[in-house]
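Working notes, beginning with the structure itself.
Remember, predicted model here, so these are calculated numbers, not experimental data. Proteins get letters first, then strands, A, B, ... in listed order; numbering begins at 1 in each.
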Amino acid sequence: MPTLYAWLFDAYPSADGMTVWFLDGDGRAHALHDRFTPAFYAHGPRQDLHDLCRMLRSRGAPVELRRTERTDLFLDRPLEVLEVGVRIPASLPRLLRQAADFRPRLTYYDADIPLPQRYVLARAAFPLAYCAVEHVGDHVRQIETLDSPWELDYRLPPLRVMTLRLSGEAPTSLLGPAEERGIFDAFAAAGPRSGAEGVPGQGGPRSGHRGDLLVGVDGRQYGFKRRDSRRLLLGLRHLLERHDPDLLLSAYGDNYILPRLLELSNHYRIPLPLNRHPGLAVEHKSAHSYFSYGRVIFRDEQHLLFGRWHVDRQNAFLADDYGLDGEIEIARMSGLPLQTVARTSTGTGISAMQVATALRRGVLVPWQKRQPEALKTGLDLLAADKGGLVYTPIAGLHEHVAELDFTAMYPSIMVHFNISPETVGTGCCPGEPVPALGTAVCRHRQGLVPETLAPLLEKRARYKALIRQLPDDDRRKEAFQRRYSAHKWLLVTCFGYLGYKNARFGRIEAHEAVTAYGREVLLQAKELVEARGFRVLHLYVDGLWIHKPGALRRPDYPALVEEICAQTGLRIELEGVYRWVAFLPSRVEPRVAVANRYFGAFEDGTLKVRGIEARRHDTPPYIKETQMEMLAILAEGRDAEGFRALLPAAIALASARLHTLRAGEVEPRQLVVTHRLSRQPEEFRARTAAAQATRQLLAAGVRPSPGENLRFLYVPGPEKARPWELIEGSVAYDRAAYIELFLRAVESLLMPVGVDRKTLDEWLLGNTGYWGPPGVLPPKGVDARVPLLARAKERRFQVIDSSATSVAVTKEVVGHW
DNA sequence: TTCAACCACTT
DNA sequence: ACCCTTGGTTGAA
């Protein structure tokens with residue numbers, strides 16, 4: 001019997017099974033057919049089950065029915081169920097709907113698990129697993145997986161990539177110049193996503209893009225004029241046939257290029273073989289908006305292929321963070337198809353992995369969660385619903401502060417304390433009480449969530465160790481880092497899912513138990529460090545900022561870390577020691593600090609910035625840059641004294657950049673403000689700048705959806721704001737508005753040393769100058785400071801402060817500010 | 001000037 | 001297809 005050694009590339013339902021694509025070591029693609037009969041289960045009154053059987057038989061549904069027993073996760077005992085095996089996998093969703101409509105009283109299980117995932121689980125394989133496939137003709141006889149998802153350094157098939165983009169979109173090609181480095185580098189090098197952050201691009205397809213199609217394949221670029229649609233179609237068809245790519249990597253493929261191509265192909269009746277599977281249509285999923293993290297997220301439409309992947313960099317979840325390397329890692333771990341992984345949150349991956357654990361255990365996977373939150377008294381609710389422990393930090397500038405963070409705190413808690421929806425407050429055994437809540441947690445059998453997470457935590461730690469010991473010039477290092485990052489994000493989202501009301505394996509009590517343990521553990525750590533003579537400056541959910549007053553030499557942090565680990569049972573690590581760190585006061589109540597606005601410089605000079613303007617995506621790039629450049633100057637200071645010494649230089653920089661801003665000379669694209677819309681255009685009540693801009697878009701025939709990014713420029717007058725997409729030629733920006741935003745950003749950095757807004761205004765706007773010499777960072781265009789400094793001297797201005805790098809003078813304005 | 005409603009955002 | 005809160009702005013009292 002012939003055996004094919006190859007990587008599992010794609011699987012989707014067709015006829016009485018699945019079409020499975022493999023890629024061999026030479027990059028050749030093989031399509032095989034594998035019979036597959038997925039089943040769903042129904043539980044409930046016998047009569048109903050009986051009726052359901054009769055209905056399915058009478059309709060001649062392609063099913064195999066039998067009575068059997070399966071385990072229910074929450075009941076922890078076998079349940080008598082009806083198994084409905086579906087011989088035509090693609091018809092499972094339809095049959096399930098029919099069954100549920102016919103007998104809604106029954107409880108359905110294993111009902112909505114994606115078929116590709118079910119298939120790979122049933123074959124003990126996973127996407128991109130290296131396999132030995134025995135086959136007869138194009139029929140699979142057996143698949144032996146020669147690969148493991150727990151492998152760190154695995155081989156992948158050589159992928160042929162075709163890039164699709166519009167002219168004027170990404171400045172460099174999606175595929176980097178050094179193609180031999182592999183597509184993974186190219187994917188990361190494709191430049192920032194426009195719109196999400198930073199400088200906006202020339203506007204995506206939604207703003208009426210007028211670009212030619214650029215196709216890159218095999219190291220060559222081909223351009224097709226958008227005017228000549230026939231030639232474009234014929235040219236692209238030729239390239240697809242000749243190169244037969246495995247992956248179409250696009251920018252705006254989902255919402256523009258592919259839909260346009262399909263439209264044209266239809267119009268000119270020129271078939272375009274986007275799919276590798278002949279005769280199948282491209283799968284289309286519509287755009288939608290949904291709630292997540294307390295805000296609306298916009299998910300654009302999708303175009304998915306069969307036998308070939310389409311990945312749209314502009315429509316990828318966290319593409320900039322972990323890229324294709326991370327997506328492949330998540331696909332291998334979760335069993336989900338790569339095209340899905342690329343477009344959904346890591347929460348989907350975690351969810352899929354929990355499903356996999358359940359199927360492996362033979363536990364029924366609930367269709368819809370029917371696990372209402374248990375009734376609680378108001379007081380209990382108050383105690384339980386507290387979230388992470390948050391301290392009010394000691395405001396101001398501090399030096400030689402150490403930050404200790406629990407590594408992957410919440411997932412570690414779930415594993416260590418066995419927190420899972422079926423182990424918390426279920427009364428199967430006396431259990432361990434959750435601190436402060438008293439809810440019993442079962443300890444005699446491992447929960448489904450801990451069982452899923454334990455090996456993940458372990459793999460993440462192994463990647464971290466591997467990255468640490470690899471030399472910087474190792475070519476694999478970057479891929480490992482991206483895979484590591486993917487794991488980090490998988491673990492971040494698993495906690496949210498515990499409390500999510502629609503999660504399959506979520507339960508609010510489990511969610512609360514995790515945060516209760518988190519608070520307990522953090523308090524234990526606090527008491528321990530205090531007992532060792534440290535002062536705690538701040539606590540935030542999983543981290544603590546500590547300082548040893550009067551310490552002459554560096555405290556023994558490794559020993560401290562060991563002690564906390566021993567005491568709490570959880571890993572904690574030294575995030576770093578700060579040269580200086582500043583916790584900011586509240587703007588509303590300046591006497592108290594707020595927990596999540598701080599910035600600091602570690603001993604190696606790297607910055608950690610949280611909550612301030614530079615971290616907000618609605619801050620214009622020009623102001624972000626100003627803040628970050630000022631911070632870069634301040635980061636050179638070795639301690640609080642060093643910070644103060646460098647203030648004049650930082651202020652000089654701000655002053656120069658403010659000068660440009662006030663002169664109206666900043667490029668408008670540097671001042672674009674991005675807001676994520678939370679509602680439909682007509683639902684705005686207040687006439688905010690965003691509402692004004694939205695109104696104009698509507699008038700121009702563009703209707704932004706909730707969750708979409710709206711980009712606009714503040715303009716003078718009652719118009720207030722103008723959408724970026726409607727700006728043509730030169731525009732004057734609203735200087736007053738931007739000056740205010742600018743000064744606020746500068747103020748954030750100076751507040752910790754007691755500079756209030758009034759003083760700042762005097763320095764930067766009033767008649768007290770405060771600037772550094774040229775060479776600190778000259779402003780663009782004219783540098784007014786050189787002649788100003790000379791004039792100041794000549795007119796005998798009083799020098800109020802000076803340092804090696806700067807000089808401050810007072811009296812009156814010297815030249816134009 | 002005050003204050004509640006509105007809106008967007010971060011950890 | 002992941003939970004909750006704070007700061008700033010608007011516009012009416």
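Atom pair A:Asn709:CG and B:dC9:P shows a separation of 8 Å (rounding to whole Å applied). Taking atom CD on A:Glu613 and atom C1' on C:dT6, their separation rounds to 14 Å, with Å as the unit. A:Phe505 places its CZ atom 17 Å from the P atom of C:dA1, with the value rounded to the nearest Å. As a whole-Å value, the separation of A:Gln680 CD from B:dC7 P is 13 Å. Distance, A:His617 NE2 to B:dT10 C1': 11 Å, rounded to whole Å. The distance between atom OH of A:Tyr598 and atom P of B:dT10, rounded to the nearest whole Å, is 14 Å. Between A:Lys488 atom NZ and B:dT11 atom C1' the separation is 14 Å, expressed in whole Å. As a whole-Å value, the separation of A:Leu741 CG from C:dG7 P is 17 Å.
Under 4.0 angstrom from either OP1 or OP2 of C:dT10 there lies at least one side-chain N or O belonging to A:Lys720. Residue A:Arg744 places at least one side-chain N or O under 4.0 Å from the OP1 or OP2 atom of C:dT9. A:His675 has no side-chain polar atom (N or O) that falls below the 4.0 Å cut-off from OP1 or OP2 of B:dC7. Look at A:Ser586 and you won't find any side-chain N or O under 4.0 angstrom from OP1 or OP2 of C:dT6. Taking side-chain N and O atoms only, A:Arg679 has a distance below 4.0 Å to OP1 or OP2 of B:dC7. Note on A:Arg685: a side-chain N or O is less than 4.0 Å away from OP1 or OP2 of B:dC6. Close to C:dT6, at under 4.0 Å from its OP1 or OP2, lies no side-chain N or O of A:Arg597.
A:Phe583 and A:Trp545 have perpendicular rings, their planes meeting at more than 60° on a 0 to 90° scale where under 30° would count as parallel. Between A:His284 and A:His303, the ring-plane angle classifies as tilted under the 30° and 60° cut-offs.
For A:Thr348, whose side chain is taken as the heavy atoms from C-beta onward, the closest listed nucleotide among B:dT10, C:dT10, C:dA1 is C:dA1. Checking B:dC7, B:dC9, B:dT11 against the side-chain heavy atoms of A:Asp618 singles out B:dC9 as nearest. Nearest nucleotide to the side chain of A:Thr688, out of C:dT10, B:dC9, C:dA1: C:dT10. Nearest to the side chain of A:Thr344, among B:dC9, C:dA1, B:dT11, sits C:dA1.
Checked for salt-bridge contact, A:Asp254 and A:Arg343 meet the test: a charged N lies under 4.0 Å from a carboxylate O. Between A:Arg676 and A:Glu708, none of the side-chain N atoms (NZ, or NE/NH1/NH2) sits under 4.0 Å from a carboxylate O, so this pair counts as no salt bridge.
With 3.5 Å as the limit, one finds no donor-acceptor pair spanning the side chains of A:Gln692 and A:Gln696. When only modelled atom types and interatomic distance are considered, A:His416 and A:Arg571 share no side-chain donor-acceptor pair under 3.5 Å.
Residue contacts for A:Val541: at a heavy-atom cut-off of 4.0 Å it reaches no nucleic acid atom on any strand shown. If you check every strand for non-hydrogen atoms under 4.0 Å, A:Tyr540 touches a base. Using a 4.0 Å heavy-atom criterion, one finds that A:Arg343 contacts no nucleic acid atom at all.
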